Amino acid sequence: MKRAIYPGSFDPVTFGHLDIIRRSAGLCDHLIVAVLNNNNKTPLFSVDERVEMLKEATKDLANVEVASFSGLLVDFAKKNDVGVIIRGLRAVTDYEYELAMSQTNRVANPNIDTIFLNTSLEYAYLSSSIVREMAMYGGDITKFVPNCVVDKVYKKFKK
Ligand code: PNS
């Protein structure tokens, strides 16, 4: 596996995402962590903020690049000469949506495959929406996101 993409919303990046990023970076020569820029949902963080937080959180990983993309993931992958998409699976409930997405991507571009990594058990419950919800009500999020992200999340809810 030479070049791979790990796409997502990362609003914000969690330890669950970082677990997948670290393990994926060990499986390929070059990993692009790609932040979606055209999400229907109104994000908590701008795409630039999300890219910056990911860059900070992955700065020790030499073969990881962080970028943003708009439009179709398969088009971004093709433009960047990437044939593998990586997605994390936390539980069986993720699978139905992920399967449909990977099948759609394969119909759109049969040269691009999706590989699923199981999220490590310790992060199986974790999602960006849980982090946002906890922070909104003043809960402790230090077990969910890296230090460089913690205060940025709280700040969003203090406004
Ligand atoms: O972290 P998320 O929100 O689960 O990530 C979803 C993401 C960004 C991987 C997905 O929504 C995506 O690839 N969007 C870009 C548009 C696209 O190519 N969709 C695939 C066809 S369903």
Side-chain angles (χ1 to χ4, degrees), residues 1 3-25 27-28 30-58 61 64-136 141 143-146 148-150 152-153 156:
M1 235 208 304
R3 289 167 67 79
I5 284 186
Y6 177 47
S9 302
F10 306 107
D11 189 33
V13 59
T14 69
F15 284 136
H17 296 131
L18 290 171
D19 167 55
I20 298 289
I21 291 171
R22 267 173 212 289
R23 288 160 56 205
S24 308
L27 293 171
C28 62
H30 188 79
L31 179 71
I32 303 175
V33 179
V35 182
L36 178 65
N37 196 10
N38 61 342
N39 210 328
N40 291 332
K41 306 171 256 179
T42 308
L44 181 62
F45 289 97
S46 71
V47 70
D48 289 343
E49 289 172 321
R50 285 178 274 155
V51 166
E52 274 317 303
M53 287 188 285
L54 274 160
K55 280 186 177 166
E56 178 66 24
T58 60
L61 299 170
V64 172
E65 169 192 348
V66 183
S68 62
F69 74 103
S70 305
L72 286 181
L73 176 60
V74 287
D75 292 342
F76 179 75
K78 190 177 172 194
K79 224 181 284 167
N80 284 275
D81 194 25
V82 173
V84 176
I85 295 166
I86 294 177
R87 292 286 287 170
L89 286 179
R90 290 166 301 185
V92 73
T93 42
D94 281 342
Y95 187 66
E96 215 170 313
Y97 169 67
E98 293 297 335
L99 181 66
M101 200 160 63
S102 68
Q103 287 169 333
T104 308
N105 285 336
R106 242 184 102 63
V107 170
N109 187 333
N111 297 317
I112 299 175
D113 271 308
T114 301
I115 290 182
F116 296 113
L117 292 187
N118 295 338
T119 302
S120 295
L121 268 184
E122 58 192 306
Y123 304 125
Y125 65 93
L126 187 53
S127 65
S128 297
S129 58
I130 278 182
V131 173
R132 295 194 301 269
E133 174 101 2
M134 287 291 284
M136 190 192 302
I141 57 167
K143 290 197 176 80
F144 307 150
V145 297
C148 60
V149 171
V150 171
K152 292 187 172 79
V153 178
K156 287 283 176 188

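All values reported here derive from a predicted model rather than from experimental measurement. In each ligand, atom 1 is the first atom listed, and ligand 1 is the first ligand listed.
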Q: Do any heavy atoms of Gly71 fall under 4.0 Å from ligand 1?
A: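 Yes.
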Q: With heavy-atom distances below 4.5 Å as the criterion, would you say the side chains of Thr58 and Leu18 are in contact?
A: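 The answer is yes, as the side chains (C-beta and beyond) meet within the 4.5 Å cut-off.
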Q: Does any N or O atom in Leu73 lie less than 3.5 angstrom from one in ligand 1, N or O only?
A: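 For ligand 1, there is an N or O atom that lies under 3.5 Å from one belonging to Leu73.
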Q: Looking only at distances, please establish whether an N/O atom of ligand 1 is found under 3.5 Å from an N/O atom of Glu98.
A: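 No, Glu98 has no N/O under 3.5 Å of an N/O on ligand 1.
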Q: Could you list which atoms of ligand 1 come closer than 4.0 Å to a heavy atom of Asn105?
A: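 Once the distances to Asn105 are compared, the set is 20 (C), 21 (C).
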Q: Could you tell me whether Val74 approaches ligand 1 through its side chain, its backbone, both or neither, with non-hydrogen atoms closer than 4.0 Å?
A: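 No part of Val74 is near ligand 1 at this cut-off.
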Q: For Asp19, what residues pass the side-chain hydrogen bond (donor to acceptor under 3.5 Å, both in side chains) criterion, not counting sequence neighbours?
A: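 Asp19 satisfies side-chain hydrogen bond (donor to acceptor under 3.5 Å, both in side chains) with Arg23, Ser120 once adjacent residues are dropped.
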Q: Would you say Cys28 and Val84 make side-chain contact, with heavy atoms under 4.5 Å?
A: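 The answer is no, as the side chains (C-beta and beyond) never meet within the 4.5 Å cut-off.
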Q: For ligand 1, which atoms, with element, lie under 4.0 Å from some heavy atom of Gly8?
A: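 Counting from 1, the qualifying ligand atoms are 1 (O), 5 (O), 8 (C).
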Q: Side chains of Val51 and Leu54: does their closest heavy-atom pair fall under 4.5 Å?
A: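 With C-beta onward as the side chain, the pair stays apart.
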Q: With Phe45, which residues qualify under ring pair (Phe, Tyr, Trp, His ring centres under 6.0 Å), at least two apart?
A: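 Per chain and number, Phe45 pairs via ring pair (Phe, Tyr, Trp, His ring centres under 6.0 Å) with no residue.
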Q: Indicate yes or no: at least one non-hydrogen side-chain atom of Phe69 is less than 4.5 angstrom from one of Ile5.
A: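 Phe69 vs Ile5: side chains apart.
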Q: Ignoring angles and geometry beyond distance, decide whether Ser9 reaches within less than 3.5 Å of ligand 1 through its nitrogen or oxygen atoms.
A: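 Between Ser9 and ligand 1, an N or O pair is found under 3.5 Å apart.
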